[in-house]
Q: 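Below you will find the structure I want to go over with you.
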Amino acid sequence: MSETRLFTVDAQGQGSRLDVFISEALEELTRSRVQKLLEMGCLRVNDKSVKAGYKLKEGDRISLEIPETRILSAEPQPMDIPIIYEDEDLAIVMKPRGLVVHPAAGHEDGTLVNGLMYAFEGRLSGINGVLRPGIVHRIDKDTSGLLVVCKSDRAHQVLSDKLKEHDIDRVYHTIVHGNIKEDRGTVDAPIGRMDNERKKMCIRPDGRRAVTHYRVLERYKGFTYLEVTLETGRTHQIRVHMQSLGHPVLGDPVYGPARQTTDPGRRLEKEDFWPGQILHAKVLGFEHPVSGEFIRFDSELPPYFLKTLEILRNYT
């Protein structure tokens, strides 16, 4: 059962941020957890929804509903996950679009991790804990493509270090709105979470450094087909950087335009086809963490991507 806690702000608490006040009053709750409870509507001041940075006033009445804690665990589940390569230390898999990588609130099962545990019979690295066995890096739910999975802790540690040093080749293909005039370009802009929408990322001066290189492959009427290379790997990096250029990823449900409000979207709907997010992790290359051999994998474009290209080429 959930637990409800009530507070009345006294003179000592006046002027404090709401999230700071609660995290100090209840040591078991971190500020990030308090902010999550705010997003869930579990935390109110004077029976009204407020932001995490709300400055408290003496006499404010705070009500906090703490949901019952659910202990998540990852259980093996049979799933069709293409395995591109496998040895005793790691595997390369093809993540389909629409599949969440690891269990979390709202996605307790049916994730890539559940499928990996079944496919590899639990033989996955344990460095990232029970909910993320074998997971070194992630790609978004609505992004398809290559993902490296570690089966041994020794491989996991080395590859984690390589990611931090930006020593892994990661190349994506995407289609974006509009016509990018330059054949090549680089976006070097720091990324952090938005203050008022914590699930969304944005460019902000106090964010973490993020660098994206892009190259035009083809141009269509209203769209550009790009090859994108990541120098860093921030959450939603390609999607945020493309939006910052005024060329959001086609079908992006968060950073792109609503399809019914754009001419390209209406054209695609006339074809009885809306492609969803067009972003595919096509190339993955790195020095093998045990053998030292450089290995590189280049995947085929998935059917949804190929169909989109076919339709757009017919518009030119």
Q: Please determine whether a side-chain nitrogen of the Lys or Arg among Asp19 and Arg31 lies less than 4.0 Å from a carboxylate oxygen of the Asp or Glu.
A: yes

Q: Tell me, with the steps shown, if His288 and Leu90 meet side chain to side chain contact (heavy atoms under 4.5 Å, CB included).
A: CA-CA 9 Å; His288 193 286; Leu90 58 83; 3.8 Å; yes

Q: Please check if the distance between the ring centroids of Phe286 and Phe294 is under 6.0 Å.
A: no

Q: Give a yes or no on whether a salt bridge exists between Asp140 and Lys95, defined as a side-chain N under 4.0 angstrom from a carboxylate O.
A: no

Q: Any side-chain heavy atom of Ile92 within less than 4.5 Å of one from Val149?
A: no

Q: Going by heavy atoms in the side chains, are Thr212 and Thr186 under 4.5 Å from each other?
A: no

Q: Taking the basic N atoms (NZ, or NE/NH1/NH2) and the acidic carboxylate oxygens, is any pair closer than 4.0 Å for Asp89 and Arg154?
A: yes

Q: For the residue pair Val240 and Gln237, establish whether any side-chain heavy-atom pair is separated by less than 4.5 Å.
A: no

Q: Would you kindly check if the NZ (Lys) or CZ (Arg) of Arg97 is within the cone defined by 45 degrees around the ring axis of Tyr304 and under 6.0 Å from the six-membered ring centre?
A: yes

Q: Would you give the length of the straight line joining atom CD of Gln12 to atom CZ of Phe21, rounded to the nearest 0.5 angstrom?
A: 9.0 Å

Q: Verify, without hydrogens or angle tests, whether Asp252 (side chain) and Val254 (backbone) share a donor-acceptor contact under 3.5 angstrom.
A: yes

Q: I'd like to know if the side chain of Ser160 reaches the main chain of His156, judged simply by a donor and an acceptor atom lying under 3.5 Å from each other, with no hydrogens or angles considered.
A: yes

Q: Out of curiosity, does Val9 fall in the hydrophobic cluster containing Leu18 (side-chain heavy atoms, cut-off under 4.5 Å, transitive links)?
A: yes

Q: Salt-bridged, Asp60 to Lys57, with N to O below 4.0 Å?
A: no

Q: Determine whether Arg215 and Asp183 satisfy the following criterion, salt bridge (Lys or Arg N to Asp or Glu O under 4.0 Å), listing intermediate values before the conclusion.
A: CA-CA 6 Å; Arg215 178 172 69 92; Asp183 290 336; over 6 Å; no

Q: Take His177 and Val249 through the side chain to side chain contact (heavy atoms under 4.5 Å, CB included) test and state the conclusion after the steps.
A: CA-CA 6 Å; His177 283 271; Val249 171; over 6 Å; no

Q: Can you list the steps and then say if His173 with Phe305 is a side chain to side chain contact (heavy atoms under 4.5 Å, CB included)?
A: CA-CA 9 Å; His173 280 205; Phe305 205 123; 3.9 Å; yes

Q: If you apply the rule side chain to side chain contact (heavy atoms under 4.5 Å, CB included), what do you find for Leu64 with Leu6, and how did you get there?
A: CA-CA 6 Å; Leu64 171 63; Leu6 301 174; over 6 Å; no

Q: Closer than 4.0 angstrom, basic N to acidic O: yes or no for Lys151 and Glu86?
A: yes

Q: Indicate, with yes or no, if Leu217 and Val176 share a hydrophobic cluster defined by side-chain heavy-atom contacts under 4.5 Å among Ile, Leu, Val, Met, Phe, Trp and Tyr.
A: no

Q: Do Ile278 and Val216 land in one hydrophobic cluster if side-chain heavy atoms of ILVMFWY residues count as linked below 4.5 Å?
A: no

Q: Working to the nearest 0.5 Å, report the span between CZ of Arg239 and CG of Leu279.
A: 7.5 Å

Q: Using modelled atom types and a 3.5 Å cut-off, is there a donor and acceptor pairing between side-chain atoms of Asn114 and backbone atoms of Glu75?
A: yes

Q: Taking all heavy atoms of Arg234 and all of Ala210, pick out the closest pair and write down the distance.
A: CG-CB, 3.7 Å

Q: Say whether, by atom type as modelled, one donor and one acceptor occur between the side chain of His137 and the main chain of Leu163 under 3.5 angstrom.
A: no

Q: Under a 3.5 Å distance rule, please check whether His213 uses its side chain to pair with a backbone N or O of Gly185 as donor and acceptor.
A: no

Q: Any side-chain to backbone donor/acceptor pair from Arg170 onto Val228? Under 3.5 Å, distance only.
A: no

Q: Any heavy-atom pair between the side chains of Val290 and Asp87 that's under 4.5 Å?
A: no

Q: How long is the span from the OG1 atom in Thr308 to the CZ atom in Arg313, to the nearest 0.5 Å?
A: 10.5 Å

Q: Looking at side-chain heavy atoms only, is the closest gap between Val93 and Tyr85 below 4.5 Å?
A: no

Q: Please round to the nearest 0.5 Å and tell me the distance separating atom CG of Leu43 and atom CD of Glu65.
A: 11.0 Å

Q: Output yes when Asp169 and Arg296 qualify as a salt bridge under the 4.0 Å nitrogen-oxygen rule, no when they do not.
A: no

Q: Grab the two heavy atoms, one from Lys51 and one from Leu38, that are nearest each other, plus how far apart they are.
A: C-CD1, 4.0 Å

Q: If hydrophobic clusters are built by linking Ile, Leu, Val, Met, Phe, Trp and Tyr wherever their side-chain heavy atoms come under 4.5 Å apart, do Leu284 and Met94 end up in the same one?
A: yes

Q: Can you spot which of Val101, Val100, Leu112, Leu147 makes a side chain to side chain contact (heavy atoms under 4.5 Å, CB included) with Arg138?
A: Val101

Q: Nearest 0.5 angstrom please: His236 NE2 to Met242 CE, how far?
A: 15.0 Å

Q: Could you check if a side-chain atom of Arg5 sits within less than 4.5 angstrom of a side-chain atom of Phe7, using non-hydrogen atoms only?
A: yes

Q: Would you confirm whether Glu218, through its side chain, and Tyr225, through its main-chain N or O, come within 3.5 Å as a donor-acceptor pair?
A: no

Q: Checking Thr224 side chain against Ile180 main chain: does a donor-acceptor pair fall under 3.5 Å?
A: yes

Q: Can a side-chain donor-acceptor contact be found between His280 and Ser299 if the only test is distance below 3.5 angstrom?
A: yes

Q: Do Tyr214 and Thr174 pair up side chain to side chain, a donor and an acceptor below 3.5 Å, judged on atom types alone?
A: no

Q: Please confirm whether the backbone N or O of Arg61 pairs with a side-chain atom of Asn46, one donor and one acceptor, at under 3.5 Å?
A: yes

Q: Contact between Leu230 and Thr232 at the side-chain level, heavy atoms closer than 4.5 Å - yes or no?
A: no

Q: Would you compute the distance between atom CG of Asn179 and atom CZ of Phe223 and round it to the nearest 0.5 angstrom?
A: 11.5 Å

Q: Do any N or O atoms from the side chain of Ser23 and from the backbone of Val20 form a donor-acceptor pair under 3.5 angstrom?
A: yes

Q: Could you tell me if the side chain of Arg209 sits less than 4.5 Å from the side chain of Pro190, heavy atoms only?
A: no

Q: Look at the side-chain heavy atoms of Ile, Leu, Val, Met, Phe, Trp and Tyr, link any pair under 4.5 Å apart, and say whether Leu301 and Ile311 land in one connected group.
A: yes

Q: Quick test of your reading of the model: are Arg184 and Glu182 salt-bridged, counting only N-O distances below 4.0 Å?
A: no

